[in-house]
Amino acid sequence: LRTPNYHVQSLFARNRGDRILPVTLAGLDAAQAKRLYASSTLDEKTGEVILKLVNATPNASAVTVNLAGATTVKPGTLTLLQGDSLEAVNTFDAPDRIAPHTSALAPKGSSFEISLPANSFSVVRVGVAR
């Protein structure tokens with residue numbers, strides 16, 4: 001039985017990157033500032049920026065990603081892990097209640113919006129050129 005913690009650790013392990021990139025969270029209200037988290041790395045082999053976003057609030061949040069310095073942003077993926085509540089777990093009756101789901105992501109430029117569902121962990125991978 002794969003737990004939500006297993007999925008989080010697996011997503012971090014598969015999306016490490018080689019170089020840490022600076023991240024700034026701006027324009028957040030007080031509740032978001034305490035419960036929205038972000039980190040970013042560059043996978044030098046693939047040329048992809050890997051952005052990890054956590055929304056530990058009970059409400060969805062829209063965030064704008066600005067990949068400063070990128071002249072071209074190539075399509076990538078968005079992997080989402082989300083539960084109905086922070087206490088939600090997988091069970092033998094519902095082993096995939098909380099499991100990652102990956103979808104295509106095609107930003108139109110170096111600045112794009114992403115919706116972060118409540119109680120979610122998201123991994124964005126997009127190719128960049130400078």
Side-chain angles (χ1 to χ4, degrees):
L1 182 65
R2 293 183 176 157
T3 66
N5 287 340
Y6 167 85
H7 290 302
V8 169
Q9 294 301 321
S10 178
L11 286 169
F12 266 95
R14 289 181 290 151
N15 294 285
R16 289 183 14 203
D18 304 305
R19 187 173 5 138
I20 297 171
L21 301 175
V23 175
T24 302
L25 296 174
L28 303 178
D29 64 33
Q32 290 174 318
K34 292 180 182 178
R35 306 284 296 183
L36 280 178
Y37 308 97
S39 70
S40 184
T41 58
L42 175 68
D43 183 331
E44 293 182 351
K45 182 177 179 182
T46 65
E48 291 178 308
V49 168
I50 304 166
L51 182 61
K52 298 175 195 88
L53 302 159
V54 174
N55 179 4
T57 72
N59 303 308
S61 293
V63 297
T64 300
V65 174
N66 183 5
L67 300 174
T71 57
T72 304
V73 178
K74 301 173 187 169
T77 59
L78 169 65
T79 302
L80 176 66
L81 182 68
Q82 190 227 355
D84 296 335
S85 75
L86 293 178
E87 292 80 29
V89 295
N90 291 334
T91 64
F92 288 110
D93 292 331
D96 294 322
R97 177 179 291 142
I98 302 173
H101 299 281
T102 301
S103 59
L105 179 68
K108 303 257 187 261
S110 61
S111 183
F112 54 94
E113 192 168 288
I114 294 180
S115 179
L116 303 176
N119 308 311
S120 67
F121 171 52
S122 301
V123 178
V124 173
R125 290 187 74 112
V126 291
V128 295
R130 295 183 271 164

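Side chains are part of it too, since the values below use all heavy atoms of this structure and drop only hydrogens, waters and symmetry mates. The structure presented is a predicted model; accordingly, all values stated were derived computationally and were not measured. Count residues from 1 along the sequence.
Members clustered with F92: L1, by chain and number, using a 4.5 Å side-chain heavy-atom cutoff among hydrophobic residues.
Across all their heavy atoms, V23 and S40 have their closest contact at CG2-CB, 3.4 Å. For the pair K34 and Y37, the tightest heavy-atom approach, listed with the atom from each and the gap, is O-OH, 2.8 Å. Heavy atoms only, all atoms of each residue included: D18 and K45 are closest at OD2-N, 3.9 Å. Closest approach of L81 and P100 over heavy atoms only: CD1-N, 3.5 Å. In plain terms, the two heavy atoms of P107 and P75 that are nearest each other are CD-CA, 4.4 Å.
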Can I get a per-line list of side-chain donor-acceptor pairs under 3.5 Å for residues 48-64, giving both atom names and the distance, sequence neighbours left out?
| from | atom 1 | to | atom 2 | distance (Å) |
| --- | --- | --- | --- | --- |
| E48 | OE1 | T46 | OG1 | 3.1 |
| E48 | OE1 | R125 | NE | 3.0 |
| E48 | OE1 | R125 | NH2 | 2.8 |
| K52 | NZ | N15 | O | 2.7 |
| N55 | OD1 | T57 | N | 3.0 |
| N55 | OD1 | T57 | OG1 | 2.6 |
| N55 | ND2 | N59 | O | 2.9 |
| N55 | ND2 | L116 | O | 3.0 |
| N55 | ND2 | P117 | O | 3.1 |
| T57 | OG1 | N59 | N | 3.3 |
| T57 | OG1 | N59 | O | 2.7 |
| S61 | OG | Q32 | NE2 | 3.2 |

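With values rounded to the nearest 0.5 angstrom, R16 atom CZ is found 10.0 Å from D43 atom CG. How far OG of S111 is from CG of L67: 8.0 Å, rounded to the nearest 0.5 Å. Atom CG of N5 and atom OG of S10 lie 12.0 Å apart (nearest 0.5 Å). Atom-to-atom distance recorded for S122:OG and L11:CG is 10.0 Å, nearest 0.5 angstrom.
In terms of the side-chain contact (heavy atoms from CB on, under 4.5 Å) criterion, residue partners of S103 (sequence neighbours excluded) are, by chain and number, L78. Partners of R19 by side-chain contact (heavy atoms from CB on, under 4.5 Å), not counting sequence neighbours, listed by chain and number: L42, E44, R130. Applying the side-chain contact (heavy atoms from CB on, under 4.5 Å) test to A129 and every residue at least two apart in sequence or in another chain returns T71, T72.
Note on L21: it clusters hydrophobically with F112, by side-chain heavy-atom contacts below 4.5 Å among ILVMFWY residues. Taken together through direct or relayed side-chain contacts under 4.5 Å among Ile, Leu, Val, Met, Phe, Trp and Tyr, F121 and L80 form parts of separate hydrophobic clusters. Residue V126 is not grouped with residue V123 when hydrophobic side chains (ILVMFWY) are merged at heavy-atom distances under 4.5 angstrom, including chains of intermediate members.
Within the structure, the side-chain hydrogen bond (donor to acceptor under 3.5 Å, both in side chains) test picks out the following pairs touching residues 74-100 (sequence neighbours left out): T79-T102.
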